[in-house]
Amino acid sequence: MNNSAVSFNTRISKFIKASENLTLSPRLHRPPEFLHLSLLKKCTHLIQFKQIHTQIIKNPSHQTDSLLPKLVEMLVSLNQLDYARLVFDQMVEPTTFVFNTMVRGYAVGCAAREGFQLYIQMRYRGLEPDTFTYPFLLRACTALSQGKAVHCLILKTQGFGSHIYSQTSLISFYSSHGEMKHARQIFDRMPQRNVVSWTAIITGYVKHNKRYKDGLALFHQMQTVGTDINELTLVTVLSACAHIGAFEMGKWIHGYIERTRIFLNSTLATALLDMYAKCGYINTASRVFEMLPQRSVCTWNSIIVGLGMHGYGDEALERFEQMQRSGTRPDSITFIGVLSACSHSGMVEKGREYFYSMSRDFGIEPNIKHYGCLVDLLGRAGLLDEAYEIVRNMPIEPNGVLWGTLLNACAAHTNVELAETAMEHLIKLEPFNDGNYVLMSNIYAAKGQWNDVAKMRRFMKDSRILKTPGCSLIEINNVVHEFTVGDTVHPQSKEIYSMLYDVVRRLKTQGYIPKTQ
DNA sequence: TTAGGGTTAG
């Protein structure tokens, strides 16, 4: 036990002794409550809470409204939920505040059932829910049906013009369950919106539903309306830019951050670095990284992943070493960055060494993604037998991505036999992934096994597996245009195709032969 | 005592 805990225990012993003596005195029969409160605030260990709790319940007059709720609140904050419940159950007249606090506690453990039970108990006692109740209750929900039940309760008690916090919670809940239609309906019907509700709906599109263009469109709309924008909004918008390569937009946001002097905290910096890296501007990402006022494991990860992605393996590993010298402990994601950097730069020995050092030197157990990187590292380098050995002996059940990694390596090094083994697993794990069949067909073609190519194509046709049309995005004047193979949706489609034919014609005159198989 | 955020294997 450390010194502060010892001194605390001395103080509490003295206090208990004093309060026991005071109880005997007719004039000073109750110890002052503020003493309990000030001691409660200093508690760090469960045993200390228990000692004070014992003292509180010794004096029935102290079970009143200020001490036990405070005790429940503090226990919930310390995640001592069972003990908080025990104290809660001793309360004669728990208030809405205490019910809310308990529901908040259950929300941490996603215990919606207990949360609902408490809510019913609260209403049964004739207590009205307040503006805090539903956001807590929603946070406890995991299943869509549970959230819908809370939505009904909100409508029943608050009506359609319910409180902005409840509505924003509903937007987040529905969007995180893929129900953007519901989320958008609530958003559109809100009588009042603020930066949080706008950010919640944009995040719904971007983070939870991968609808980046829709997210950016709403961000434009948000600016038109003139709502405040803060760093949380920008983090989400930058993440959307990174995913679809909207560099102009991302650069504009960087300018906005500088113009409005928004503090580049580590979350915002991580998103900004990632945007530059994913849009192809790794040098700008490095320059921004150098200037950062604040670095965290995430900002380090972002730059390491970015460098690795661009084939700057040595620079990524240098950043990794620099990160450790700066005193930042690498985490699981750091090693994904490090391993993929080795993989993309062909640094087999170093990659192997880093993989085995993860648990040995850093206490981080490799997960399936780390194994994926290792298999990719070995596979790209042509060490297919070793890669297959890893897949067969790894302690985690290999998934589709992992077998897909091996299949890619087989395609790069034309190994039909191992590709067929990988394919056997992929048919079970990813039966509708057209890319796998096309790759297998290409491996047969590379070996000249045309009968097998035909078989593979026939299998795809019979199983009604269609090739996903190729898709590309281009950003012009802050607007992202999306194209799929053969589409004529764009208003300038004729001119675009005419230009494409011209490009292909010129390429062919320079000796380019398209690879169509 | 309440709502919204980043980096991760083919």
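The figures that follow rest on heavy atoms only: side chains count, while hydrogens, waters and symmetry mates do not. Chain letters run A, B, ... following the sequence lines, proteins first and then strands; every chain starts at 1.
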Letter per nucleotide, 5' to 3', of nucleotides 1-6 of chain B [B base touched, S only sugar-phosphate touched, - untouched; heavy atoms, 4.0 Å]: BBBBBB

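Between the P atom of dT7(B) and the CZ atom of F289(A) lies a distance of 16 Å, rounded to the nearest Å. As rounded to whole Å, 11 Å separates atom P of dT7(B) from atom CG of N301(A). Rounded to whole Å, atom P of dA9(B) lies 16 Å from atom CG of N433(A). Rounding to whole angstrom units, CG of residue L339(A) and P of dT8(B) are separated by 14 Å. The CD1-P distance, from I304(A) to dA9(B), rounds to 14 Å in whole Å. Between the P atom of dT8(B) and the CZ atom of F355(A) lies a distance of 19 Å, rounded to the nearest Å. Following rounding to the nearest Å, L307(A) (CG) and dT7(B) (C1') show an atom-to-atom distance of 13 Å.
Taking the six-membered ring for Trp, H151(A) and Y174(A) have ring centres closer than 6.0 Å. Aromatic rings of Y312(A) and H344(A) (six-membered ring for Trp) have centroids beyond the 6.0 Å cut-off, not under it. Taking the centre of each ring, H53(A) and Y83(A) come in below the 6.0 Å mark.
Between the base of dA9(B) and the side chain of N399(A) there is a donor-acceptor pair shorter than 3.5 Å.
Using a 4.0 Å heavy-atom criterion, one finds that G400(A) contacts the bases of the nucleic acid, with or without backbone contacts as well. Counting any heavy atom pair closer than 4.0 Å across all strands shown, I368(A) reaches a base atom.
Ion pairing of R123(A) with E128(A) is present here, as a side-chain N (NZ or NE/NH1/NH2) and a carboxylate O approach within less than 4.0 Å. Here R360(A) does not pair with E365(A) in a salt bridge; the nearest charged N to carboxylate O distance is not below 4.0 Å.
For the pair N367(A) (side chain) and H370(A) (backbone), a donor-acceptor distance under 3.5 Å is present.
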